[in-house]
Amino acid sequence: MPLRFHNTLTQQLEDFQPLDGKTVRMYTCGPTVYSYVHIGNFRTFTFQDILRRTLRARGFTLDHVMNITDVEDKIIRNAVQHNQSIQQYTAQYTEAFLADSATLRLQRPERLVFATEHITEMAEAIEKLSASNHTYESDGSVYFRIGSFPSYGRLSKINLDGNIAGARVDVDEYEKDDARDFVLWKARKPGEPAWPASCGEGRPGWHIECSVMAMKYLGETIDIHTGGVDLVFPHHENEIAQSEALTGKQFVRYWLHAEHLMVEGQKMSKSLGNFYTLRNILEKGYSPEAVRYLLASSPYRKQLNFTFDGLKGAAASIDRLRNFELRVSGGVFPDGENPEMSARAAQALTAFDAALDDDLNTADALAAVFEYIRDANTAMDSGAFLSANTASARALLSRFDSIFDVLKPTAAESSISDEQIESLIADRSKAKKSRDFDRADQIRAELLDSGVVIEDTRDGVRWKRK
RNA sequence: GGCGCGGUAGCCAAGUGGUAAGGCAGAGGUCUGCAAAACCUUUAUUCACCGGUUCGAAUCCGGUCCGCGCCUCCA
């Protein structure tokens, strides 16, 4: 089955193929670095990571660009409050974002690009748009006239005719011809950072940065563009208008949008007290892998209900996967190969890939892995799993982890070395042999205090760090 | 008002015409010095509700109710 994605533009599942058949040119909307990125943002970024990894697993080369928005109203306001330049102010949150992303094992895009490093290109783009009558100037600011772009609204299916009853429409803040016209260049205001441009000193609007940076690095037509659903309108709609008004070519072939995350069944908001950053959650003692698993386990087009029960469940699921991996790598199996078990693993691998190919159905992909694990465990218990079957089991786990990336525990500072652990386990085995179970249990408790779990199996003692 | 996503067991969640995946949690059991791990059994005659189409519907159609998002630079 071919790789298929749901395209927001057509609202249909479509077979995916990059324009040149080989390299996927992908642009993902990154964070605005005015504060710590929250867990809802990371739902979207985790989806982008699963997308990246799946594309690579299908053999495509990736050219993935993510922007960092480092000039914007909130940034300016906060920087002024902290008596810092916007560069100083954004640097710390860019750092934090990259660190958090690494904690969640999000692969770095091929290029991270910063808005403030592309002001010249943005000003040039605005100049071209003005030359072709897509803009107008008002009080020193430059606006894009959506009336000049007939297919405006195609992505978001927004109705441009008539009033938007019930909607809040800003009509007075700027002198706009149409309420939905958007700003390309904001005239300089006292105390704000500004750059010189032919249309006057000022700073770029938000939408223009993505168009300019995407096309600079990826070309006029790119394969995939992603973001959260809230970006469909107006951000992505505006990107299309600007870009296609500039080039006359289709800007993006596949638009993919991640649904939002809810927290305990409610919209995440500061006033409800359910607003979390990754750091907030890790401070409560949850592992980064559990967070990653929870964010990745639900398909991206469904709202995800983030709960602490769900996090505990995610951690338990990871334990099950890791226990199986330990059993495969540390178990002693009879010689030979059971062809049925090898076929079972191959079937699971196929099902895993097929689920991901189907618009990244991660829940279905996980089911394929868990079903295999149950069958393999059963076979191990009955002696039907043979030594040569470990290869196909490992192949499946490896494929799984190339996408989900949760098997390897995050290294924690440990007070105890592997040698000390082995030595204590040897002591405990001696104690057990002489039926001194009190001593044996005491050693087990000591190890547990140091974060080491030991388990007695048929094939000897196995241990893992918690 | 417009556009969009969704309502499946205690919780999370797959399944888009053929007779309800998977994970977590719970109960009982096997194994074990104990524990853990693992396995087995068990937990939705039923998929928000009502009507229709069909041999057959969680899946298609119509209607109703409910949740959420967007409709001003919020993932």
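Note that the coordinates shown come from a computational prediction; the quantities given were computed from them, not determined experimentally. Keep in mind that the numbers below use all heavy atoms, side chains included, and drop hydrogens, waters and symmetry copies. Chain A is the first sequence line, chain B the second, and so forth, proteins listed ahead of strands; every chain is numbered from 1.
Checking Thr10(A) against Glu14(A) by side-chain atom types alone, a donor-acceptor pair falls below 3.5 Å. A donor and an acceptor atom, one from each side chain of Glu209(A) and Asn67(A), are located under 3.5 Å apart.
Closest contact between the side chain of Arg320(A) and the listed nucleotides C34(B), C24(B), A75(B) involves C24(B). Taking the side chain of Lys302(A) as heavy atoms from C-beta on, and the options G7(B), A75(B), C5(B), the nearest nucleotide is G7(B). Comparing G69(B), C39(B), A13(B) by their nearest atom to the side chain of Pro299(A) picks out A13(B). The side chain of His38(A) approaches A75(B) more closely than any other nucleotide in the set G33(B), A35(B), A75(B). Ranking A14(B), C5(B), C39(B) by closeness to the Glu259(A) side chain, first place goes to C5(B). Minimum atom distance to the side chain of Leu261(A) is reached by A75(B), of the listed A75(B), C39(B), A21(B). The nucleotide whose nearest atom lies closest to any side-chain atom of Asn361(A) is, among G15(B), C70(B), A13(B), G15(B). Listed nucleotides G69(B), C73(B), C24(B) differ in distance to Lys267(A); the shortest reach to its side chain belongs to G69(B). Considering only side-chain atoms of Asn305(A), the nucleotide from C70(B), A38(B), C12(B) that sits closest is C12(B). For Ala363(A), whose side chain is taken as the heavy atoms from C-beta onward, the closest listed nucleotide among A14(B), A38(B), C5(B) is A14(B).
For U59(B) and U53(B), the C1' atoms lie 14 Å apart once the distance is rounded to whole Å. Taking the C1' atom of each, C60(B) and U16(B) are spaced 9 Å apart, rounded to whole Å.
Put simply, the side chain of Arg458(A) and the base of C31(B) share no donor and acceptor less than 3.5 Å apart. Not a single donor-acceptor pair, N or O on each side, falls under 3.5 Å between the base of C74(B) and the side chain of Lys74(A). Counting distance only, with no hydrogens placed and no angle test, the side-chain atoms of Asp441(A) and the base atoms of G33(B) include a donor-acceptor pair under 3.5 Å. Side-chain to base pairing of Gln303(A) with C68(B): one donor and one acceptor N or O lie within less than 3.5 Å of each other.
Within 4.0 Å of Met380(A), counting heavy atoms only, lies no atom of the nucleic acid at all. Residue Ser156(A) is in sugar-phosphate contact alone, with no base atom involved, counting any heavy-atom pair closer than 4.0 Å across all strands shown.
Ring centroids of Tyr93(A) and Tyr36(A) are separated by less than 6.0 Å, placing the two rings close together. In this structure, the ring of Phe306(A) has its center no less than 6.0 angstrom from the ring center of Phe42(A). Centroid-to-centroid, the aromatic rings of His38(A) and Tyr276(A) stay 6.0 Å apart or farther.
Under the Watson-Crick and G-U wobble criteria, each requiring two contacts below 3.5 Å, nucleotide C70(B) is paired to G2(B). With a 3.5 Å ceiling on both atom-pair distances, U45(B) lacks any Watson-Crick or G-U wobble partner. The nucleotide C55(B) finds its pairing partner in G18(B), both defining distances of the Watson-Crick or G-U wobble pair being shorter than 3.5 Å. When Watson-Crick and G-U wobble pairs are counted only if both distances are under 3.5 Å, A9(B) pairs with no nucleotide at all. Pairing of C39(B), defined by two Watson-Crick or G-U wobble distances under 3.5 Å, is identified with G29(B). Under the Watson-Crick or G-U wobble criterion, with both distances below 3.5 Å, C34(B) has no partner in any strand shown. When both distances must be under 3.5 Å, the Watson-Crick or G-U wobble mate of G62(B) is C50(B).
Note: Phe182(A) and His207(A) have perpendicular aromatic rings, judged against thresholds of 30 and 60 degrees for the angle between ring planes.
Rounded to an integer number of Å, the gap from Glu237(A) CD to G4(B) C1' is 13 Å. The CG-P distance, from Leu155(A) to C5(B), rounds to 13 Å in whole Å. Between the OH atom of Tyr34(A) and the C1' atom of C74(B) there is a distance of 7 Å, rounded to whole Å.
Toward the 5′ end of RNA chain B lies the nearest nucleotide of Asp456(A), the other residue of the pair Asp381(A) and Asp456(A) mapping further downstream.
In this structure, His260(A) packs face-to-face on the six-membered ring of A75(B), meeting both the 5.5 Å centre cutoff and the 30° plane limit. A stacked arrangement is assigned to Phe437(A) and the six-membered base ring of G33(B), with a centre-to-centre distance below 5.5 Å and an interplanar angle below 30°.
Between Arg322(A) and Asp401(A) there is no salt bridge, since no side-chain nitrogen of the basic residue lies less than 4.0 Å from a carboxylate oxygen of the acidic one.
OP1 or OP2 of G22(B) sits under 4.0 Å from a side-chain N or O of Arg374(A). Taking side-chain N and O atoms only, Lys464(A) has no distance below 4.0 Å to OP1 or OP2 of A37(B). Phosphate proximity of A38(B) to Asn377(A): absent, as no side-chain N or O sits under 4.0 Å from OP1 or OP2.
Of the residues listed (Val461(A), Leu424(A), Ile443(A)), the one engaging Ser429(A) in a side-chain contact (heavy atoms from CB on, under 4.5 Å) is Val461(A), and it is the only one.
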